*Asks:* 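Quick one: this structure, given as structure tokens, is what I'll be asking you about.
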Amino acid sequence: MKKLLAIVLALAMVLSLAACADSKEPARDPEAPPAAEAPAAPETEAPEAPAEEAKDYSGYTIRIYSNSNSTERATWLVNEARDAGFTISLDDNSVISGDTAAIQAANENKDGDILFGLNETRWSQVVGGTYENLKLIDWTPSWAAEVGEYAYPGQAYGLVIQNVLMLYRNDELGTNGEALHFQHWADIVNCGYSWYRQNKVGGTTNGNINSAMLYAFTDPASPAGGISVDGWKTLWAYCNGGTFSSDDTYKYGFDPLNKGDVAVSTFYSSSLYGKIDAAAESSEHPLIGAMEPENWGLVEIDDGTYYIAEYLGILDKAGRTEEETEAVKAFAEWFGSAEVQAAWGEEFDSYPCNAAAATILYPDGIPAIYTIKNFALTTVEGTDMTYAEYVAAHSSEWTNIMTNLGFYWADASAAVAEPDWDNLDWATLTQKAE
């Protein structure tokens with residue numbers, strides 16, 4: 001796949017040149033003598049039309065805020081943008097780490113041109129006006145139709161899709177050939193097999209797993225953060241019965257499954273295939289078969305899974321001139337295009353929202369992990385919100401509940417007693433502890 005984009009671009013250039021070379025001869029006057037008897041016309045070369053040069057926008061430095069900013073990603077984007085005629089400023093994760101830090105920095109500094117990354121939870125807050133200094137301009141890129149449902153029309157458009165997965169081993173270290181089929185993610189607590197659970201409340205992946213676990217228990221009337229008490233009991237059972245470790249390599253769920261420490265685990269989609277390709281480097285009993293699994297599988301879950309999509313929006317920056325805004329729009333148009341998103345996806349093992357980019361990356365078909373039903377965009381019964389918006393509305397309450405009750409201890413000696421569920425003060429528990 002590494003050469004795929006170069007081949008596509010080269011083919012496009014060849015076809016373009018061929019089209020330019022295909023011209024018709026003028027019609028011959030029937031009264032004129034045969035061509036052989038006509039005097040030869042002097043050979044002249046047709047004047048070449050001047051090539052249209054791409055506009056150079058490099059004179060304006062485009063300030064970008066993002067949580068998709070590992071050192072490798074930031075360096076790649078700065079270099080590729082420069083080659084395309086743009087100058088950008090993007091802090092890597094040694095300066096800004098995580099979506100909370102990115103959004104807070106953008107809101108406080110008030111100097112941003114572009115916001116990208118984050119997820120629907122954050123974007124629904126941005127679009128809804130939660131952050132007083134972050135407003136989006138009205139903007140529709142040429143590729144808007146390619147991202148389908150991943151759009152806040154006129155405001156922000158999807159770049160990258162990611163979801164959380166539930167995986168299991170089907171060999172002797174797992175289910176011994178039994179296929180796992182759940183109705184809800186939370187059914188893991190009754191599956192009869194050992195499972196991994198994360199070791200802390202915070203973190204994007206941890207939050208997405210919790211959102212998946214709580215999906216079946218939404219109750220807009222519940223004082224417990226819009227989740228039924230049965231939901232919190234089930235999440236406690238998941239936490240209390242799961243295998244965990246404070247080892248940093250263990251935290252995302254791949255290693256415990258790969259080593260055979262558990263039969264069922266969770267992980268995020270963007271790194272799965274690469275991790276399986278390198279699985280033997282860190283285990284004596286590795287998972288085998290990335291695109292064609294041999295000793296593992298995806299748990300079939302009727303509800304589907306919780307997807308997040310990273311979006312791109314243009315901030316309304318005070319004092320920016322029309323010409324500077326044109327440069328920002330041109331960058332956003334370039335970055336979200338099929339060719340650039342395919343290159344981004346290939347470089348960093350991510351899946352694009354842009355359907356044309358996905359076709360470039362996966363000409364043989366969409367990988368199975370991205371064909372799972374997405375419940376993040378389903379409407380929560382009793383509300384007019386999607387589940388992603390519901391998560392955004394309640395996420396701080398959920399974090400406070402889990403923190404106040406002591407969910408996700410990282411050390412067995414620090415485990416706390418199960419709460420007395422019938423006698424809890426939810427009005428206090430949903431607030432940040434002082």
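Computed from a predicted model, the values in this text were never measured in an experiment. Throughout, residue positions are numbered sequentially from 1 according to the sequence presented.
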*Asks:* Minimum heavy-atom separation for Ser265 to Gly253, with atom names?
*Replies:*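 Residues Ser265 and Gly253, closest heavy atoms: OG-O, 2.6 Å.
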*Asks:* Are Met166 and Val264 side-chain neighbours, meaning at least one heavy-atom pair lies under 4.5 Å?
*Replies:*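 Met166 vs Val264: side chains touch.
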*Asks:* Assess Arg197 against Trp409: is NZ or CZ under 6.0 Å from the centre of the six-membered ring, and within 45 degrees of the ring's axis?
*Replies:* yes
*Asks:* Does the pair Leu214 and Thr218 meet the rule for a side chain to side chain contact (heavy atoms under 4.5 Å, CB included), with working shown?
*Replies:* CA-CA 7 Å; Leu214 294 173; Thr218 56; over 6 Å; no
*Asks:* I'd like to check the ring pair (Phe, Tyr, Trp, His ring centres under 6.0 Å) partners of Tyr168; sequence neighbours left out, ordered by chain and number.
*Replies:* none
*Asks:* Quick check: do Thr175 and Leu180 have side-chain heavy atoms less than 4.5 Å from each other?
*Replies:*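 Yes, close enough: below the 4.5 Å cut-off.
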*Asks:* Is Trp185 reaching over with its side chain to a backbone N or O of Gly304, donor-acceptor style, under 3.5 angstrom?
*Replies:* yes
*Asks:* Report the C-alpha separation of Arg63 and Tyr65 in whole Å, then their side-chain angles, then the decisive distance to 0.1 Å, and conclude whether the side chain to side chain contact (heavy atoms under 4.5 Å, CB included) test is met.
*Replies:* CA-CA 7 Å; Arg63 184 71 174 105; Tyr65 286 93; 3.5 Å; yes
*Asks:* To the nearest 0.5 Å, how far apart are SG in Cys353 and CD1 in Ile161?
*Replies:* 4.0 Å
*Asks:* More than 12 non-hydrogen atoms from neighbouring residues, nucleotides or ligands closer than 6.0 Å to NZ on Lys233, yes or no?
*Replies:* yes
*Asks:* Report the C-alpha distance between Ser270 and Gln162 in whole Å, list the side-chain angles of each, state the deciding distance to 0.1 Å, and finish with yes or no for side chain to side chain donor-acceptor pair (under 3.5 Å).
*Replies:* CA-CA 6 Å; Ser270 67; Gln162 183 160 217; 2.6 Å; yes
*Asks:* Without swapping roles, check the side chain of Ser337 against the backbone of Trp334 for a donor-acceptor pair under 3.5 Å.
*Replies:* yes
*Asks:* Can you find a side-chain donor-acceptor pair between Asn119 and Arg122 that sits under 3.5 Å?
*Replies:* no
*Asks:* So do the side chains of Asn240 and Glu418 get within less than 4.5 Å of each other, counting heavy atoms only?
*Replies:* no
*Asks:* Between Tyr196 and Phe244, is the ring centre distance below 6.0 Å?
*Replies:* no
*Asks:* Backbone N or O of Gln431 within a donor-acceptor pair of the Asn404 side chain at under 3.5 Å?
*Replies:*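 Yes; at least one donor-acceptor contact below 3.5 Å.
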*Asks:* Against Phe254, only a single residue in Thr249, Thr266, Ile276 fulfils side chain to side chain contact (heavy atoms under 4.5 Å, CB included); can you say which?
*Replies:*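 That would be Ile276.
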*Asks:* Less than 4.5 Å apart, any side-chain heavy atom of Thr379 and any of Met385?
*Replies:* no
*Asks:* What is the distance from atom CG of Leu312 to atom CH2 of Trp123, rounded to the nearest 0.5 Å?
*Replies:*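 So the CG of Leu312 and the CH2 of Trp123 are separated by 6.5 Å.
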*Asks:* Just by distance, with hydrogens left out, do Glu323 and Tyr57 show a side-chain donor and acceptor under 3.5 Å apart?
*Replies:*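 No donor-acceptor contact under 3.5 Å links the two side chains.
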*Asks:* Are Tyr387 and Asn374 close enough, and set up right, to give a side chain to side chain donor-acceptor pair (under 3.5 Å), and what steps lead you there?
*Replies:* CA-CA 10 Å; Tyr387 186 58; Asn374 177 12; over 6 Å; no
*Asks:* Could you check, using the six-membered ring where one of them is a Trp, whether Tyr150 and Tyr157 have ring centers closer than 6.0 angstrom?
*Replies:*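 No, the ring centres sit 6.0 Å or more apart.
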*Asks:* I'd like to know if Glu326 pairs up with Lys55 as an ion pair, taking the criterion as any Lys NZ or Arg NE/NH1/NH2 lying under 4.0 Å from an Asp or Glu carboxylate oxygen.
*Replies:* yes
*Asks:* Should Glu324 and Val328 count as side-chain neighbours, where that means a heavy-atom distance under 4.5 Å?
*Replies:*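 No. Closest side-chain heavy atoms not under 4.5 Å.
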*Asks:* Look at the rings of Trp76 and Phe348 and say which category their plane angle falls in: under 30° parallel, 30 to 60° tilted, over 60° perpendicular.
*Replies:* perpendicular
*Asks:* Compute the ring centroids of Phe335 and Trp344, then answer whether they are less than 6.0 Å apart.
*Replies:*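 Judged by ring-centre distance (under 6.0 Å), Phe335 and Trp344 do meet the cut-off.
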*Asks:* Distance-only, no hydrogens or angles: does the Tyr273 side chain make a donor-acceptor pair with backbone N or O of Asp349 under 3.5 Å?
*Replies:*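 Answer holds: no.
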*Asks:* Is any side-chain heavy atom of Leu77 closer than 4.5 Å to one of Leu90?
*Replies:* yes
*Asks:* Will you find, in the side chains of Thr428 and Asp425, an N or O donor that is under 3.5 Å from an N or O acceptor?
*Replies:*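 A pair is found: one side chain offers a donor N or O, the other an acceptor, under 3.5 Å apart.
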*Asks:* Please lay out, stage by stage, how Ile62 and Ile64 fare under the test side chain to side chain contact (heavy atoms under 4.5 Å, CB included).
*Replies:* CA-CA 6 Å; Ile62 300 168; Ile64 298 174; 4.2 Å; yes
*Asks:* Tell me whether Asp303 is salt-bridged to Lys373, with the criterion being a basic N under 4.0 Å from an acidic carboxylate O.
*Replies:*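 Here Asp303 does not pair with Lys373 in a salt bridge, since their nearest N and O are not under 4.0 Å apart.
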*Asks:* Side-chain donor-acceptor pair under 3.5 Å between His285 and Asp171, yes or no?
*Replies:* no
*Asks:* What are the two closest non-hydrogen atoms of Ala356 and Ala338, and how far apart are they?
*Replies:*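 For Ala356 and Ala338, the tightest heavy-atom pair comes out as CB-CB, 3.7 Å.
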*Asks:* Sub-3.5 Å donor-acceptor pair from the side chain of Asn199 to the main-chain atoms of Lys251, do we have one?
*Replies:*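 Not at all, since once roles are kept as given, no pair shorter than 3.5 Å links the two residues.
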*Asks:* Do Gln198 and Tyr238 have a side chain donor and acceptor closer than 3.5 Å?
*Replies:*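 Short answer, yes.
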*Asks:* Compute whether any side-chain donor of one residue and acceptor of the other, for Glu178 and Tyr193, lie under 3.5 angstrom apart.
*Replies:* yes
*Asks:* Hey, what do you get for CG (Leu118) to CG (Asn67), rounding to the nearest 0.5 Å?
*Replies:* 5.0 Å
*Asks:* Under 4.0 Å between a Lys/Arg side-chain N and an Asp/Glu carboxylate O for Lys259 and Asp261?
*Replies:* no
*Asks:* Does the ring center of Tyr252 lie less than 6.0 Å from the ring center of Tyr268?
*Replies:* yes
*Asks:* Assess, by modelled atom type and distance only, whether the side chains of Tyr215 and Thr378 contain a donor and an acceptor separated by less than 3.5 Å.
*Replies:*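 There is such a pair between these side chains.
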*Asks:* Between atom NE2 of His394 and atom OG of Ser211, what is the distance when rounded to the nearest 0.5 Å?
*Replies:* 11.5 Å
*Asks:* Roughly how far, to the nearest 0.5 Å, is the NE2 atom of His184 from the CZ atom of Phe217?
*Replies:*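 Answer for the CZ-NE2 pair, Phe217 versus His184, is 7.0 Å.
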*Asks:* Between the side chains of Asp420 and Asn423, is a donor N or O closer than 3.5 angstrom to an acceptor N or O?
*Replies:*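 Checked: Asp420/Asn423 side chains pair up, N/O donor to acceptor below 3.5 Å.
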*Asks:* Got a donor-acceptor contact below 3.5 angstrom from the Thr130 side chain to the Gln125 backbone?
*Replies:*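 At least one qualifying donor-acceptor pair exists.
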*Asks:* Do Leu405 and Leu429 come within less than 4.5 Å of each other through their side chains, counting heavy atoms only?
*Replies:* yes
*Asks:* When you measure from the side chain of Asn295 to the backbone of Pro286, do you find a donor-acceptor pair of N or O atoms at a distance under 3.5 Å?
*Replies:*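 Checking the backbone N and O of Pro286 against the side chain of Asn295, a donor-acceptor pair under 3.5 Å is found.
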*Asks:* Counting distance only, does the side-chain N/O of Asn93 pair as donor-acceptor with the main-chain N or O of Ile96 below 3.5 Å?
*Replies:* no
*Asks:* Looking only at heavy atoms, which two atoms of Ala392 and Ser124 are closest? And how far apart?
*Replies:* CB-OG, 3.3 Å
*Asks:* Can a donor-acceptor pair be found, under 3.5 Å and without considering hydrogens, that links the side chain of Asn133 to the backbone of Ala106?
*Replies:* no
*Asks:* May I ask you to test the Leu315-Ile114 pair for a side-chain heavy-atom distance under 4.5 Å?
*Replies:* no
*Asks:* Can Asn258 and Asp255 be said to form a side chain to side chain donor-acceptor pair (under 3.5 Å), step by step?
*Replies:* CA-CA 5 Å; Asn258 189 48; Asp255 276 8; 5.1 Å; no
*Asks:* For the residue pair Tyr307 and Phe375, is the inter-centroid distance of their aromatic rings smaller than 6.0 Å?
*Replies:*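 Aromatic pair excluded; centres sit 6.0 Å or further apart.
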*Asks:* For Asp219 and Ser228, indicate whether the former's side chain and the latter's backbone hold a donor-acceptor pair under 3.5 Å.
*Replies:*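 No, Asp219 side chain to Ser228 backbone: no donor-acceptor pair under 3.5 Å.
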*Asks:* Ile314 vs Leu136, test: side chain to side chain contact (heavy atoms under 4.5 Å, CB included). Steps then yes/no.
*Replies:* CA-CA 6 Å; Ile314 299 176; Leu136 300 170; 6.0 Å; no
*Asks:* So how far is it from Ser58 OG to Phe86 CZ, rounded to the nearest 0.5 Å?
*Replies:*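 It comes to 9.5 Å.
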